[in-house]
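The block underneath contains the structure these notes are about, expressed in structure tokens.
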Amino acid sequence: MTCPSPRRAAIALLAGLVAAPVAAQEGAGPADPQRAPPRSTRAVPTARGGLDVVSRARDDRPRRFRVALGVQGGPGFPGNDAFRLGPLISVAKARGEDPFPYGGVGDGPSLTLLRHGRFEAGPMLRLEGIRRADDLGGGLPRVARSFEPGVFAQYWPSDAIRLRGDVRKGVTGHEGWVGTLAADYVARDGDDWLVSVGPRVTLSDVRYQRAWFGVSPQTAARTGLPVFSPGSGVHSVGLTSRVIYQFTPRWGVLANAGYARLVGDAGDSPVTRVRGSRDQLTGGLGLSYTFRVGGRR
């Protein structure tokens, strides 16, 4: 038996390395698990978690963007009893006539880097508001705006159910760890309308809870509140909803609503019971505009 030349062996090895990721992708959850898609196609998730078989060829369809601008309100920071207003900004993108992907209330900016069938994961970012020294009657320590980078993972058991979790670290402000568990029921008719509703559970560590809900001896002396040292664990449970409706192919409306109840040490804190509120309401309303950019129709 004749041995292959070193050159031919190197070419064969290179071809195997190139072909391996392609073969793995083709086996990553096609629409029919009993029948893999043709080699010229690939399986990709739909906007609600299902799978479509699409061409591997370059996608030259025009990009579509939906930009919503409006106003939203909420407590501004955990435990606040006032309602603060701010801008609502939402941006979604899709290709051709594909529906815009679903994003839940409070998801924050997210980037999907890992996708396998109905599973997605990647980095994300959320912001927490500022508590000033004169908020809640004054005397409490100031907490700066908190930038919370982190990671998320989500899974669609069906086209109408999304399960999601994230974990984030405050690099400014409270500087603690915080995470959210979420589930959403999503009903939609393409981009014509969408309605979602689902529960939320938020957990945090000692540093987070002490920043927002703790009362040190020094703070107690200034405010008259009793000393309180909270621990880690679940600090809020709630429910959120989103409604999107298109009046025309270009113009539409987007509305968000949410309610959270502070529980555990966060709900028992004198900061919450005496100065603030356990009930946290949020809401927003915006006008959306959809447009196309580039590509071949």
Side-chain angles (χ1 to χ4, degrees), residues 47-48 62-95 97-112 123-132 135 145-150 152 154 160 162 164 166 168 173 178 180 182-200 202 236 238-261 277 279-293:
R48 286 193 315 207
R63 291 183 176 89
R64 290 191 304 126
F65 292 87
R66 183 180 63 209
V67 178
L69 300 175
V71 63
Q72 62 184 352
F77 61 84
N80 194 14
D81 62 348
F83 199 75
R84 293 181 175 177
L85 294 178
L88 182 152
I89 303 173
S90 175
V91 180
K93 64 178 180 178
R95 283 277 193 178
E97 300 306 318
D98 293 346
F100 289 110
Y102 170 73
V105 178
D107 283 358
S110 306
L111 176 63
T112 298
M124 50 91 66
L125 173 70
R126 284 190 61 178
L127 303 177
E128 193 70 85
I130 302 170
R131 186 177 73 189
R132 302 177 179 85
D135 286 331
R145 184 177 302 280
S146 303
F147 289 84
E148 299 172 352
F152 81 94
Q154 65 182 30
R162 185 193 74 156
R164 179 182 172 107
D166 66 54
R168 314 177 306 272
V178 59
T180 302
D184 291 289
Y185 173 76
V186 183
R188 70 185 303 174
D189 181 8
D191 290 330
D192 290 342
W193 60 266
L194 179 149
V195 177
S196 72
V197 62
R200 299 289 187 270
T202 308
S236 77
L239 192 72
T240 67
S241 179
R242 168 163 286 173
V243 175
I244 300 174
Y245 183 78
Q246 289 294 128
F247 299 113
T248 72
R250 290 188 179 272
W251 293 98
V253 65
L254 179 150
N256 299 325
Y259 168 76
R261 174 77 172 180
S277 174
D279 300 311
Q280 309 281 277
L281 294 170
T282 58
L285 182 65
L287 187 66
S288 69
Y289 181 75
T290 300
F291 59 94
R292 297 173 180 265
V293 175

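One-based numbering along the sequence shown.
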L111 side, atom CG; M124 side, atom CE - distance, nearest 0.5 Å: 12.0 Å
Which residues share a ring pair (Phe, Tyr, Trp, His ring centres under 6.0 Å) with F65, sequence neighbours left out: F291
Taking every non-hydrogen atom, the tightest pair across S241 and S196: OG-O, 2.8 Å
Minimum heavy-atom distance between R188 and P99, given as atom pair plus value: NH2-CB, 3.7 Å
Side-chain heavy-atom pair D135, F77 within 4.5 angstrom cut-off: yes
Close side-chain approach of L194 to F100, heavy-atom, < 4.5 Å: no
Polar side-chain atom of Q280 near backbone of R261 as donor-acceptor pair, under 3.5 Å: no
Lys/Arg-Asp/Glu bridge criterion (N-O < 4.0 Å) met for D191, R64: yes
Exercise: identify the closest heavy-atom pair between A94 and D98: CB-O, 3.5 Å
N80 (side chain) donor-acceptor with P75 (main chain) under 3.5 angstrom: yes
Chi angles and distances behind the side-chain hydrogen bond (donor to acceptor under 3.5 Å, both in side chains) call for S288, R66: CA-CA 6 Å; S288 69; R66 183 180 63 209; 5.2 Å; no
Min side-chain heavy-atom separation S90-L254 under 4.5 Å: yes
From Q72 atom CD to I89 atom CD1, the distance as rounded to the nearest 0.5 Å: 8.5 Å
Partners passing salt bridge (charged side-chain N to carboxylate O under 4.0 Å, His left out) against D192 (at least two apart in sequence or in another chain): none
Gap between atom CD1 of I244 and atom OH of Y102 - 0.5 Å precision: 8.5 Å
Heavy-atom pair with the smallest gap, counting every atom of T282 and G74: CG2-CA, 4.0 Å
Shortest non-hydrogen contact between L88 and L285, atoms and distance: CD1-N, 3.8 Å
Residues D184, R200: salt bridge by 4.0 Å N-O rule: yes
Shortest non-hydrogen separation from D81 to S277 and the atoms involved: CB-CB, 3.8 Å
Residue pair F152, T112: steps toward the side-chain contact (heavy atoms from CB on, under 4.5 Å) verdict: CA-CA 9 Å; F152 81 94; T112 298; 3.7 Å; yes
Flag for T180-R168: side-chain donor and acceptor within less than 3.5 Å: yes
Pair listing, side chain to side chain donor-acceptor pair (under 3.5 Å) test, anchored in residues 242-258, at least two apart: R242-N256, R250-Y289
